[in-house]
Amino acid sequence: MPLVTTTEMFKKAYEGGYAIGAFNVNNMEIVQGITEACREEKSPVILQVSKGARAYANHTYLVKLVEAAVAECPEIPIALHLDHGPDFETCKSCIDGGFTSVMIDASSMSFEDNIAVTKKVVEYAHDHGVVVEAELGTLAGIEDDVKVEAHAASYTRPEEVEEFVAKTGCDSLAIAIGTSHGAYKFTAAQCTRNEQGILVPPPLRFDVLEEVSKRLPGFPIVLHGSSSVPQNYVKMINENGGKMPDAVGIPEEELRHAAQLSVCKINIDSDLRLAMTGTIRAFFNEHPDKFDPREYLKPARANIKDLVRHKLVNVLGCAGKA
């Protein structure tokens, strides 16, 4: 099937109590690892591209990689999404360039300006058959060009969501309930340690999510900054020359609970990067004489595939939903 929008994906996810995985892609191996896992698990998927990914890999190359994935995996629905579009011009470029979904992130602006910018993107996107994700509330952390200090983060205000959606016409809404961008989502001071000495982040604000859901019944909600930062890959990196102390992510059981509510899309980025980096570091320590990129990228791709499969089955709940 050709690239699709997220409309039907989200409708089925909302009714079925699961979420669609939105995985950030930057190169061929990541695209292959994600889509091969989704094909084998019969799962719909959102491949998303950030401003930073477009700068790194070039818009045309990324679109063609996704088109190749569509050709190789015709039995599963695949949407191509712009992640954290910073302005109308970037969103327009992606809409004109083959994307089926875009995010306009004007969450750092005033409520009124966020509405104005989002509405402009929505009008252009809908005229071209493309859907739009918007954001209310601000997540802390770092992801590509998105950099927000912890003190500047803010939870979504449920009392604003009805007016925002009505005035913008957006198709889905990213909210802030305590997730955070990057692999270093929380400081050690923000966390507690369990009996095994592992850092545990503060719990997500499900009260905010539930109130938003009451005000927007049936409307798809999105969670950004939702990588779980697998500790096996953090350990692999650190044991092979890396320095990632106290990298901690969102507990997977909390993400699964969110998916059973109104969250229809969960963004996953850092986990894939950790899997790739850890695998490559370990490979070179074990094989210092190797130099062929195919030799170290192959196991990295395999570990990305295994990680994505785990997310589809055990966290998102979307396996078998294609």
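Positions are given from 1, in the same order as the sequence printed here.
By the side-chain contact (heavy atoms from CB on, under 4.5 Å) test, E123 is found to be paired with K119, residues two or more places apart in sequence or in another chain being considered. Among residues two or more places apart in sequence or in another chain, the salt bridge (charged side-chain N to carboxylate O under 4.0 Å, His left out) test is passed with E254 by none. A search for salt bridge (charged side-chain N to carboxylate O under 4.0 Å, His left out) contacts involving R309 returns E40, E41, D306, not counting sequence neighbours. E159 meets the side-chain contact (heavy atoms from CB on, under 4.5 Å) test with R157, R215; sequence neighbours excluded. K167 meets the side-chain contact (heavy atoms from CB on, under 4.5 Å) test with I115, E163; sequence neighbours excluded. Partners of Y296 under the ring pair (Phe, Tyr, Trp, His ring centres under 6.0 Å) rule, at least two apart in sequence or in another chain, are F284. Judged as a side-chain contact (heavy atoms from CB on, under 4.5 Å), and not counting sequence neighbours, the contacts of N238 are V234, M244.
Among residues at least two apart or in separate chains, ring pair (Phe, Tyr, Trp, His ring centres under 6.0 Å) pairs with a member in residues 235-258 are F206-H257. Applying the ring pair (Phe, Tyr, Trp, His ring centres under 6.0 Å) test to residues at least two apart or on different chains, none of the pairs has a partner in residues 302-322. Each ring pair (Phe, Tyr, Trp, His ring centres under 6.0 Å) pair with one or both residues in residues 113-135, not counting sequence neighbours, appears once here: F88-Y124, Y124-H128. Residue pairs meeting the ring pair (Phe, Tyr, Trp, His ring centres under 6.0 Å) criterion with at least one partner in residues 90-117, sequence neighbours excluded, are H59-F99. For residues 275-286, the pairs satisfying side chain to side chain donor-acceptor pair (under 3.5 Å) are N240-N285, T279-N303, with sequence neighbours left out.
When the side chains of ILVMFWY residues are joined at heavy-atom separations under 4.5 Å, either directly or via intervening members, M103 and V263 end up in two distinct hydrophobic clusters. The hydrophobic clustering, which links ILVMFWY residues whose side-chain heavy atoms are closer than 4.5 Å, places Y14 and I266 apart. Hydrophobic clustering (side-chain heavy atoms under 4.5 Å, transitive across Ile, Leu, Val, Met, Phe, Trp, Tyr) groups I104 together with M109. Linking Ile, Leu, Val, Met, Phe, Trp and Tyr whenever their side-chain heavy atoms come within less than 4.5 Å leaves V313 and L255 in two separate clusters. V222 and F23 fall into different hydrophobic clusters, where Ile, Leu, Val, Met, Phe, Trp and Tyr side chains are chained together by heavy-atom contacts under 4.5 Å.
Side-chain contact between C264 and I20: absent, with no pair of heavy atoms (C-beta onward) separated by less than 4.5 Å. Between S226 and N267 the shortest side-chain heavy-atom distance does not fall below 4.5 Å. The shortest side-chain heavy-atom distance between F283 and H287 falls under the 4.5 Å cut-off. Looking only at side-chain heavy atoms (C-beta outward), N24 and L272 stay at 4.5 Å or farther from each other. Using a 4.5 Å cut-off on side-chain heavy atoms (C-beta onward), K265 and I46 make contact. At a threshold of 4.5 Å between non-hydrogen side-chain atoms, the residues I280 and L297 count as touching. A heavy-atom distance below 4.5 Å is found between the side chains of L209 and S262. The side-chain heavy atoms of V131 and S172, taken from C-beta on, include no pair separated by under 4.5 Å.
Atom CD1 of I221 is separated from atom CG of L216 by 5.5 Å, given to the nearest 0.5 angstrom. To the nearest 0.5 Å, atoms CD (E72) and CZ (R39) are separated by 7.0 Å. To the nearest 0.5 Å, atoms SG (C73) and CD (E75) are separated by 6.0 Å.
A salt bridge links E15 with K11: the closest approach of a Lys/Arg side-chain nitrogen to an acidic carboxylate oxygen falls below 4.0 angstrom. Using a 4.0 Å cut-off between charged nitrogen and carboxylate oxygen, K64 and E67 count as a salt-bridge pair.
Of the possible donor and acceptor atoms, one in the side chain of D171 sits under 3.5 Å from a partner among the backbone N and O of V132. With T100 contributing its side chain and A79 its backbone, the two residues share no donor-acceptor pair below 3.5 Å. Distance alone, capped at 3.5 Å, places no donor-acceptor pair between the S270 side chain and the V229 backbone. Panel note: side chain T179, backbone H224; a donor-acceptor pair is recorded below 3.5 Å. Checking side-chain atoms of N114 against main-chain N and O of E135 turns up a donor-acceptor pair under 3.5 Å. Put simply, the side chain of S227 gets close to the backbone of D269: a donor and an acceptor are under 3.5 Å apart. Within the 3.5 Å criterion, the main-chain N or O of T156 finds no donor-acceptor partner in the side chain of R205. A distance-only check finds no donor-acceptor pair linking the side chain of S228 to the backbone of G249 [under 3.5 Å].
Side-chain contact of S93 with R54: a donor-acceptor pair under 3.5 Å is present, judged by distance alone.
Among L307, V25, I78, the single residue meeting the side chain to side chain contact (heavy atoms under 4.5 Å, CB included) criterion with I34 is V25.
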Inset, instruction - Go through the steps for T168 and T118 under the test side chain to side chain donor-acceptor pair (under 3.5 Å), then give the verdict. - result: CA-CA 6 Å; T168 63; T118 300; 5.9 Å; no
Inset, instruction - Please report the C-alpha distance between I304 and M276 in whole Å, then the side-chain angles of each, then the deciding distance to 0.1 Å, and finally whether the side-chain contact (heavy atoms from CB on, under 4.5 Å) criterion is met. - result: CA-CA 7 Å; I304 287 174; M276 174 165 272; 3.9 Å; yes
Inset, instruction - Start with the C-alpha gap between H84 and K51, add the side-chain angles, then the distance that decides, and say whether side-chain contact (heavy atoms from CB on, under 4.5 Å) holds. - result: CA-CA 7 Å; H84 287 290; K51 177 184 175 183; over 6 Å; no
Inset, instruction - Start with the C-alpha distance between Q48 and S101, add both sets of side-chain angles, then the distance that settles side-chain contact (heavy atoms from CB on, under 4.5 Å), and finish with yes or no. - result: CA-CA 9 Å; Q48 57 185 31; S101 175; over 6 Å; no
Inset, instruction - Give the C-alpha distance, both sets of side-chain angles, the deciding distance and a yes or no for side-chain contact (heavy atoms from CB on, under 4.5 Å) between H81 and T6. - result: CA-CA 9 Å; H81 175 73; T6 56; 5.9 Å; no
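Summarising the local packing, CD of E162 is surrounded by more than 12 heavy atoms from other residues, nucleotides or ligands at distances under 6.0 Å.
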